[in-house]
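Quick notes on the structure that follows.
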Amino acid sequence: MSEKSLRLDSEVRVRFAPSPTGHLHIGGARTALFNWLFARHHKGTFVLRIEDTDRTRSTEDYIHSIIDGMKWLSLDWDEGPYRQTDRFDVYRKYTDKLLEEGKAYYCYCLPEELERRRKEAMAQGKSPKYDGRCRNVKEPAAGRTPAVRFKMPHEGETVVHDLIRGRIVFENEQLDDLVIMRSDEAPTYNFTVVVDDVDMAITHVIRGDDHLNNTPKQIHIYSALGYEVPLFAHLPMILGADKTRLSKRHGATSVMAYKEMGYLPEALVNYLVRLGWSYGDQEVFTREELIKYFSFENVGKSSAVFNPEKLIWLNSQYMKNTPNEKLVDLVIPFLVKEKVISEDQTVDKEWLSKAITTLKERSKTLLELAYSLRFYITEDIEYDEKARTKFLNEKSRDLLVEVTHSLADLNDFSASKIEEVFMSIVGRHNMKLGNLAQPVRVAITGRTESPGIFEVLEIVGKEKTLKRLYRAIQSIGIKT
RNA sequence: GGUCCCAUCGUCUAGAGGCCUAGGACGUAGCCCUCUCAAGGCUAAAACACGGGUUCGAAUCCCGUUGGGACCGCCA
């Protein structure tokens, strides 16, 4: 379907409508993102609506958690958050209207009975849909509080026009009379979603394709209420590595878990948008590009497997391109968490920024960065055992002594001067730089991998460098 | 079981009937660079699920098969 046939004449209004029965997860975040992108692209309105009609499973904590997740990803909304539990009188009003017009009816069946019948039908290989037995019941069943069911047409067909999938036809015969209001007077999803989308003047319903089968039912509710249907766009699902619906079994699914693991929100957004959407061969996008380029024409139909490897690559790309000043502020909480610094410890941000320069392209996440930063900051470095035996030994002892003396004489402790010192030693002994650099590296960092040794020494500073070199020489012991 | 959706490298994808000897990215392997580790550069292996049509010509259109997924709640 071309963009022209979208309702561009009127203002675009979309919504993200999570149910607070869990944290904001990867799939929900992608749905929110596509809604947000569509709204921003068309300069429309993005509404946040909390679908908390399931009072037994919804919690206040999850509402906050979802909002935190949205904020972390910078998916700002223009209206809301609305809460369906604040709107029960609205649903009641619409339910009464349908009841009066004979478009809905009381159902006295008990949940247990329905459950039993469903199982029986399934066992016999029949469709487990409601049999409509209360449709023509006139007298209330004594001692039972009824639910309200919607009268679904049983003949003809319903056509869903989907922006992504095109025309989809459903036989009405397949539809059953769904409950729109529970016996405790709480309305149900398929009803509230229609009432709210109408009430909030939503023009485009953008949601996961797990809702595709609900759509014909909702279309009948729209028409029973006398409203025009919005446009639908059903997004392909995000699957786990085993190609089933993404869930806890597949590891981290909550958006905030990625924050904890040291991912940048821009990277997650970039990763998520490419799950189902593409723009030629481009992989990395700025927000502005995303808003500019986003269109349903480039949204695919098939489901996508969540691939953590690619996410981590994208994150490393964003790490490299994030300005140091920003990285400094972002990494500090991780330094605290990793106990590299204490909570009340102040750090020299300018110095930290220099250290980060050497590490940012070697760290795939903020957590990794914090971990790598340890040797710059800590007072007592720990030797990796294999590194120690290989490089801090009799063979390197004299070299370490020599370099220590030379460095002690150095007044300008800069990377370039340090390099001169190293080179002159290497030249004197006619050997490769590695023979000197590796023992020093282990002495200073405790490990065999680190940024370039000259810049490391400059950042560690003369005092600490000499201290660590003395300690390394001592650890080798006296020549026997 | 019924209904609906989907099908290009292991994964994300490009592909709008001839530009396809199927392109890019992640990952994997090798090489280069190099004080180590990265980063970066280069190279390689790796896919149109299958079968029928339509057409001069099909990854692309149609049908079927197979495979996968989702939904069928007084959940959303």
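Note: hydrogens, waters and symmetry copies are ignored here, and every other heavy atom, side chains too, is used. Chain letters run A, B, ... following the sequence lines, proteins first, then strands; residues in each count from 1.
- For the pair A:V305 and A:G240, the tightest heavy-atom approach, listed with the atom from each and the gap, is CG1-O, 3.5 Å.
- The NZ atom of A:K129 sits 13 Å away from the P atom of B:C4 (whole-angstrom rounding).
- For the pair A:R167 CZ and B:C4 P, the interatomic distance rounds to 13 Å; values are reported in whole Å.
- Taking atom C1' in both B:G69 and B:G53, the straight-line distance is 28 Å, to the nearest Å.
- Listed nucleotides B:A76, B:G2, B:C26 differ in distance to A:E51; the shortest reach to its side chain belongs to B:A76.
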Checking A:E115 against A:R118 for the salt bridge (Lys or Arg N to Asp or Glu O under 4.0 Å) test, could you report, in this order, the C-alpha distance in whole Å, the side-chain angles of both residues, the deciding distance, and whether it holds? CA-CA 5 Å; A:E115 182 61 25; A:R118 241 193 316 275; 2.9 Å; yes
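- Checking the phosphate oxygens (OP1, OP2) of B:C74, no side-chain nitrogen or oxygen of A:S183 falls inside 4.0 Å.
- The nearest whole Å value for the distance from the NZ atom in A:K301 to the C1' atom in B:U8 is 15 Å.
- The phosphate of B:C74 has OP1 or OP2 within less than 4.0 Å of a side-chain N or O from A:R118.
- Pairing of B:C33, defined by two Watson-Crick or G-U wobble distances under 3.5 Å, is not identified with any nucleotide.
- Close to B:G69, at under 4.0 Å from its OP1 or OP2, lies no side-chain N or O of A:R245.
- Summarising the geometry, the separation between CG on A:L239 and P on B:C5 is reported as 18 Å, rounded to the nearest angstrom.
- With a 6.0 Å cutoff to the six-membered ring centre and a 45° limit on the axis angle, A:R149 counts as a cation-pi contact of A:Y130.
- Residue whose closest nucleotide on RNA chain B sits further toward the 5' end, between A:I168 and A:K432: A:I168.
- Nearest to the side-chain atoms of A:E297 among the listed nucleotides B:A16, B:C12, B:G23 stands B:A16.
- The P atoms of B:U13 and B:C72 are separated by 25 Å, rounded to the nearest whole Å.
- Pair assignment for B:A70: B:U3, on the basis of Watson-Crick or G-U wobble contacts that are both within less than 3.5 Å.
- In this structure B:G17 sits in no base pair that meets the Watson-Crick or G-U test at under 3.5 Å.
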Show, in sequence, the C-alpha distance, side-chain angles and deciding distance for A:R117 and A:R133, and conclude whether the side chain to side chain contact (heavy atoms under 4.5 Å, CB included) test is met. CA-CA 12 Å; A:R117 285 183 227 148; A:R133 67 175 63 195; 3.1 Å; yes
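- When the nucleotides B:C5, B:G24, B:C35 are ranked by their closest atom to the side chain of A:R165, B:C5 comes out on top.
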Output one letter per nucleotide in nucleotides 36-50 of chain B: B when a protein non-hydrogen atom lies under 4.0 Å from the base, S when only the sugar-phosphate is that close, - when neither is. BBBSS----------
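- Under a 3.5 Å cut-off, the side chain of A:D176 and the backbone N or O of A:G132 do not form any donor-acceptor pair.
- A donor-acceptor distance shorter than 3.5 angstrom exists from the side chain of A:R182 to the backbone of A:P187, with no hydrogens or angles considered.
- Note: A:H211 and A:Y189 have tilted aromatic rings, judged against thresholds of 30 and 60 degrees for the angle between ring planes.
- At B:A76, one or more side-chain N or O atoms of A:T53 fall inside 4.0 Å of OP1 or OP2 (strictly under the cut-off).
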